[in-house]
Amino acid sequence: MVRNIADMLSSVMSRTNPDAETAVRETCLVCDESLVDSELYQRHNVCPRCRFHYSFTARERIDTLADPGSFKEINRTVTSLDPLSFSSRTSYRQSVFRDQRRTGLTEAAVTGTCSIGGTTAVLIALDFGFMGGTMGCVVGEKVALAFEYATRRKQPVVAVVTSGGVRIQEGVLSLMQMAKTAMAANRLAEAGLPFISVLANPSTGHAYASFANLADVIVAEPGAIVGLSSMRAVKNSADEPSPADSHSAESRLQHGMVDAVVDRTQSKDTISALLDMLMSKYHLTSRDRREGYVQPPRAESLTAWEAVNLARHPERPTSLVYMSQMVTNFVELHGDRVFGDDDALIWGLGQIGGQTIVVIGQERGDPDDAQQGGRISPEGFRETQRAVRLAAKFDLPIITLIDTPGPHISADAEKRGLGSAIAVAMAEVARVEVPSIAVIIGEGGSEGALPLAVVDRVLMLENAIYSVISPEDAAALMYQDAARADEAAESLKLTAHDCFELGIVDLIVQEPAGGAHTNPTEAARHLRRMLLQELSVLQAGSRKRLLRSRYKKFRNMGEYSSHFRTAITREANSLRGIVSTRVRQMRRSPKPEPDDHDHIGDGFSNANGSKGGA
């Protein structure tokens, strides 16, 4: 999309040139496409051919994001002084005055209220054309005032960051603005209000390393330079040249630092959808549990190994299929904000029955693709933690879709904290004070599945499986022969009905005849109905009762309960039937005549050790 980072830097630096500000660009500096008659370029400063995103002023940002005529500026009269009487070749006062005259702004930040897609919000827009968008005392003050205004008015905040470097003319006072804006952002978070930041080209320096990175959702524009240090600083400090895309928004997405890379033309739609869902207070409530629900009967003809094969069927619907069928207005989020983004974990915000939810799905994909067969990495478990914290902040129910053979086991994963990530994710899910439902849609494999299943209600599709170890690995341990996996599957009690009888799952969801893969739409319809039903019941109760019930449920796992009595009785009856059948067969069969080489009593020893006969 972008030829190289140098081209982007050229575009960025052109914004600091007063002559370039007034010049009309006729051709794209990346692909030489003519921009003269381009409506896309005139409206969004985006090349229609290569989609390179040119810089926007703060006013242009406001015009494209805010609903027409809705923006009202606040704190406009706050202006810069020279607090340190900074000495250099050019007077600081003169530099500020020059940029004020050129841009029409009083400082590098414009703040105000507006509506975005019909939702009232406080908007913060930094302007790179004003002293590189650096965060001096006035910028820090205006940003902090905007957060405080939003907190008082109970409104969300959207911040568009185009900032680079440091306001050195204000010395350590400039550094303190990082703490000021971070503390103001904390107040907004404590009030449970949404904060969305948009990282444009460039997003570096103090603004990036403070309030911009404290947002609930961080999106970036394509090709934007994102990071604490500038490309020049990284180049000067490194012994070897950095990769060309090391500071790009796409690289930050790959490494889990931003939630999405969104084209400028889609930015308003994405932000308005997020604000609509995060500010929504609509809840499903009902006290009528399982109206018209019929638990599917156990199919005695279906063996455990056949259930394993159905759960692993290559055409079985995945989490993405169920999400597309059941969840509306889905906005996918990415990354653990620590190291990376797990392709095997899909999560984000969406709506089901008009209720905003946080949905987390394990996507098994193909064994050889980026999803690694659905095995979850440490980053995936840390993304689960992020999703749970987001749900807790905005009081949103959590729905998880489980389909994984287990965690991604490797030496590298262990170095990145696999065990810790699993434990913390499990603890976060277990203690979150919102209704939570898990659905095992395919294979619920050991430690990969459990952290997403420590919830209020566990549903399991009729032909899904849930086990502590794969049948193949179990056979290798039990029989030293992985080919006997079908025998091991029976012993593992991994079918939906086995798990229900053991109290591991609460409900079995019926599948179409032959399995969910025969009719994914019908399978999704059944599941959606059950989710709406269970969600409405869970939301009708108090949160304290919810947490007590969840704790009691898992605290009692493994005790000799009614579920165990049922399972043990069933096993005893089965064994009794086998023994009775064997006895009847033995009674009907004729007894063989003994001969000299076939004595029934041969082989036992008497007290003195000598052989004896009957």
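If you're wondering where the values come from, they're calculated on a predicted model, not measured in any experiment.
- Ion pairing between Asp342 and Arg382 fails under the 4.0 Å rule for side-chain N and carboxylate O.
- The residues Glu443 and Arg316 are annotated as not salt-bridged, no charged nitrogen and carboxylate oxygen being separated by less than 4.0 angstrom.
- The environment of Arg312 atom CZ is dense: over 12 non-hydrogen atoms of other residues, nucleotides or ligands sit within 6.0 angstrom.
- Note on Lys142 versus Glu107: no salt bridge recorded, every NZ/NE/NH1/NH2 to OD/OE distance being 4.0 Å or above.
- The ring-ring contact (aromatic ring centres under 6.0 Å, His included) test applied to Tyr322 returns no partner, not counting sequence neighbours.
- Taking every heavy atom of both residues into account, Leu188 and Pro194 meet most closely at CD2-O, 3.7 Å.
- Taking the ring centroids of Phe56 and Phe128, they lie at or beyond the 6.0 Å cut-off.
- When each of Gln362, Glu363, Arg364 is paired with Thr318, the side chain to side chain donor-acceptor pair (under 3.5 Å) condition holds for Glu363 and for no other.
- No salt bridge links Arg59 with Asp63; every basic N to acidic carboxylate O contact stays at or beyond 4.0 Å.
- Of the charged side-chain nitrogens involved, at least one lies within less than 4.0 Å of a carboxylate oxygen, so that Arg102 and Asp99 count as a salt-bridged pair.
- Atom SG of Cys114 is separated from atom CG of Leu123 by 4.5 Å, given to the nearest 0.5 angstrom.
- Panel note: side chain Thr119, backbone Ser115; no donor-acceptor pair is recorded below 3.5 Å.
- Although no hydrogens or angles enter the test, the distance criterion places no donor-acceptor pair under 3.5 Å between the side chain of Asn75 and the main chain of Thr111.
- Taking the ring centroids of Phe147 and Tyr149, they lie at or beyond the 6.0 Å cut-off.
- Glu383 and Trp347 share a side-chain donor-acceptor pair at under 3.5 Å.
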Working note: Arg416 + Glu379, criterion salt bridge (charged side-chain N to carboxylate O under 4.0 Å, His left out); need CA distance, chi angles, decisive distance, verdict. CA-CA 8 Å; Arg416 301 199 308 273; Glu379 293 70 50; 2.7 Å; yes
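- By the 30° and 60° cut-offs, the orientation of the rings of Phe195 relative to Phe211 is parallel.
- Inspection of the Ser174 and Arg167 side chains reveals no N or O donor paired with an N or O acceptor under 3.5 Å.
- The ring-ring contact (aromatic ring centres under 6.0 Å, His included) search around His517 returns His313, not counting sequence neighbours.
- With salt bridges taken as basic N to acidic carboxylate O contacts below 4.0 Å, none links Asp336 and Arg386.
- Atom CD1 of Ile360 and atom CG of Leu401 lie 9.5 Å apart (nearest 0.5 Å).
- No more than 12 heavy atoms of other residues, nucleotides or ligands shown are found within 6.0 angstrom of CZ on Arg153.
- Using modelled atom types and a 3.5 Å distance limit, the side chains of Ser410 and Asp412 yield no donor-acceptor pair.
- To the nearest 0.5 angstrom, Ile376 atom CD1 is 7.5 Å from Leu452 atom CG.
- Side-chain contact annotation: Asp32 with Thr27, donor-acceptor N/O pair under 3.5 Å absent.
- Between the side chains of Asp341 and His334, a donor-acceptor pair is found at a separation under 3.5 Å.
- Proximity of a side-chain donor or acceptor of Ser251 to a complementary backbone N or O of His247 within less than 3.5 Å is not detected.
- For Arg252 and Glu221, the salt-bridge test fails: no basic side-chain N is under 4.0 Å from an acidic carboxylate O.
- One distance of note links CG of Asp403 with CG of Leu320; it measures 11.0 Å at 0.5 Å rounding.
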Considering only distance and modelled atom types, tabulate donor-acceptor pairs under 3.5 Å from the side chains of residues 179-186, sequence neighbours left out.
| residue | atom | partner | partner atom | Å |
| --- | --- | --- | --- | --- |
| Lys180 | NZ | Glu141 | OE1 | 2.9 |
| Lys180 | NZ | Gln177 | OE1 | 3.1 |
| Thr181 | OG1 | Gln177 | O | 2.9 |
| Thr181 | OG1 | Met178 | O | 3.1 |

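- The heavy-atom pair separating Ser272 from Gly117 by the smallest distance is CB-CA, 3.8 Å.
- One finds the CG atom of Asp269 at 11.5 Å from the CD1 atom of Ile116 (value rounded to the nearest 0.5 Å).
- Taking CG of Leu396 as the reference point, atom OG1 of Thr356 lies at 6.0 Å (rounded to 0.5 Å).
- Under 3.5 Å, the side chains of Glu33 and Tyr41 contain no donor-acceptor pair of N or O atoms.
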